[in-house]
Amino acid sequence: MSDNFKAILISRDEEKKQSVDVVELGDDDLMDGNVTIAIEATTVNYKDGLAITGKSPIIQRWPMIPGIDLAGTVISSSHGEYQKGDKVILNGWGIGQTHYGAYAAHARVNGDWLVPLPEGINPLDSMAIGTAGYTAMLCIMALENHGITPDRGPVIVTGAAGGVGSVAISILSKLGYYVIASTGRSSEADYLRELGAADIIDRNELSEPGRPLGKERWAGGVDAVGSHTLANLLSQTEYGGAIAACGLAQGFDLPATVMPFILRGVSLLGIDSVNAPKELRLEAWQRLARDLDLEKLANLSTMIGFNDIIGAAHDIIDGKIRGRVVVDMTADG
Ligand code: NDP
């Protein structure tokens with residue numbers, strides 16, 4: 001029997017009122033799975049913020065240990081591909097929503113959900129990337145598959161100072177794209193330029209209802225915002241261009257017209273990280289190891305300990321977090 005460890009547990013009472021507590025659990029309390037992991041690092045994503053604040057119905061099984069991303073070392077395994085001592089990453093697949101997640105010292109999961117930690121990336125780096133960074137990579141791969149290469153013209157990134165946005169800017173600029181960053185935080189202009197943004201625009205330019213077709217301004221885009229912003233991105237995309245849509249920070253609505261699609265051949269590429277197939281994950285993580293500057297990654301990350309997770313979850317929903325938060329699970333904070 002292993003020692004008890006600390007975990008964040010979200011529970012609901014009979015009136016469906018949510019409470020968030022730090023509790024002591026043991027390995028026997030974990031859910032079924034064929035690989036048990038000692039968690040070394042995790043992160044706080046927007047979705048984790050939604051779960052802990054209860055702002056959106058992210059959790060689908062009660063009680064729940066939140067945390068949708070983890071990195072650590074295998075303690076025990078009956079899965080053919082993993083052995084004790086292997087370093088692994090897990091993003092999504094319902095952890096923190098339907099299966100106990102990352103905000104505990106240990107996790108027991110289905111080995112099919114795991115990705116081996118790529119060479120050259122340590123567990124803390126991998127969580128500086130996290131679901132946000134891996135989703136940014138999926139967006140960029142989708143744009144590339146659509147033929148949006150740097151010579152096609154500028155690309156726009158919305159929610160620029162957030163997690164997906166920051167990593168997207170960093171990778172796109174390293175790949176040679178001319179990156180336009182859309183942000184509501186003019187105070188972060190220097191930070192965005194350091195990441196590689198060539199041009200910065202105020203997000204208010206895009207967040208109000210716009211015309212069905214506008215001046216063609218970009219060949220492609222990564223959108224973390226949705227709603228009118230996504231509609232305006234589409235209406236200002238060059239002929240044959242594409243926008244990869246992954247987020248809803250402004251809203252989940254899409255008040256757009258079909259005009260960009262039928263008059264300019266523009267494409268809208270949907271990006272899901274949670275249930276993305278394993279081959280795509282492996283490719284995305286290999287690309288991240290190659291195309292993301294780890295020094296820039298360190299600049300866009302803030303390190304916290306376990307005790308700071310709940311506060312950071314509230315901050316991300318209040319739009320107070322810049323870039324990525326990394327949780328060192330070996331530190332209390
Ligand atoms: P962050 O909170 O780190 O970033 C979101 C950014 O969006 C903010 O930093 C802000 O950027 C901008 N923003 C916030 N509110 C508004 C608003 N009302 N109008 C316009 N812009 C706004 O979150 P993440 O980067 O982690 O995630 C971004 C989005 O992507 C979220 O909606 C998240 O749920 C989604 N997501 C989806 C995934 C998928 O699989 N499809 C996976 C990962 C994330 P700024 O301050 O620069 O304006």
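Just so it is clear, the model here is predicted, and its values are computed rather than measured. Each ligand, and each atom within it, is numbered from 1 in the order the structure gives.
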How far is [atom] from its nearest protein heavy atom, and which residue and atom is that?
atom                    : result
atom 15 (N) of ligand 1 : Ala249 O, 3.7 Å
atom 3 (O) of ligand 1  : Gly163 N, 2.9 Å
atom 2 (O) of ligand 1  : Tyr46 CD1, 3.2 Å
atom 4 (O) of ligand 1  : Gly162 CA, 3.3 Å
atom 6 (C) of ligand 1  : Gly159 CA, 3.7 Å
atom 19 (N) of ligand 1 : Gln250 CB, 3.5 Å
atom 29 (C) of ligand 1 : Ala224 O, 3.4 Å

Assess whether a salt bridge exists between [X] and [Y], defined as any Lys/Arg side-chain N lying under 4.0 Å from an Asp/Glu carboxylate O.
X      : Y      : result
Glu238 : Arg152 : no
Glu205 : Arg217 : yes
Arg322 : Glu188 : yes
Arg287 : Asp291 : yes
Glu216 : Arg264 : yes

Are any of the N or O atoms of [X] closer than 3.5 Å to those of ligand 1?
X      : answer
Ser273 : yes
Ile321 : no
Ala132 : no
Ala161 : yes
Arg185 : yes
Cys246 : yes
Thr183 : yes
Leu248 : yes

Side chain or backbone of Arg203 under 4.0 Å from ligand 1, or both, or neither, by non-hydrogen atoms?
-> side chain
How does Ile271 reach ligand 1, by side chain, by backbone, by both or by neither, if only non-hydrogen atoms under 4.0 Å count?
-> backbone
Can you figure out which of Asp272, Val164, Asp315 has its heavy atom closest to atom 44 (C) of ligand 1?
-> Val164
Nearest to atom 42 (C) of ligand 1 by heavy atom, Thr135, Asp202, Ile68: which?
-> Thr135
Show the atoms of ligand 1 that are less than 4.0 angstrom away from any heavy atom in [X].
X      : result
Gly247 : 29 (C), 30 (O), 32 (O), 35 (C)
Gly184 : 45 (P), 47 (O), 48 (O)
Thr131 : 42 (C), 43 (C)
Val225 : 20 (C), 21 (N)

Ile39 and Ile121: same hydrophobic cluster, using ILVMFWY side-chain contacts below 4.5 Å?
-> no
With no hydrogens and no angle check, is any side-chain donor or acceptor of [X] less than 3.5 Å from a backbone partner on [Y]?
X     : Y     : value
Gln18 : Ala51 : yes
Thr43 : Asn45 : no
Arg12 : Glu14 : no

For atom [atom1] of [X], is the number of surrounding heavy atoms from other residues, nucleotides or ligands below 6.0 Å larger than 12?
X      : atom1 : result
Gln83  : CD    : no
Lys84  : NZ    : no
Tyr239 : OH    : no

Hey, mind stepping through Asp125 and Leu294 against side-chain contact (heavy atoms from CB on, under 4.5 Å) and telling me if it holds?
-> CA-CA 8 Å; Asp125 291 336; Leu294 290 184; 3.8 Å; yes
So, does Ala160 sit close enough to ligand 1 that a heavy atom of it is under 4.0 Å from the ligand?
-> yes
Within 45° cone and under 6.0 Å: Arg108 NZ/CZ vs Tyr100 ring | no
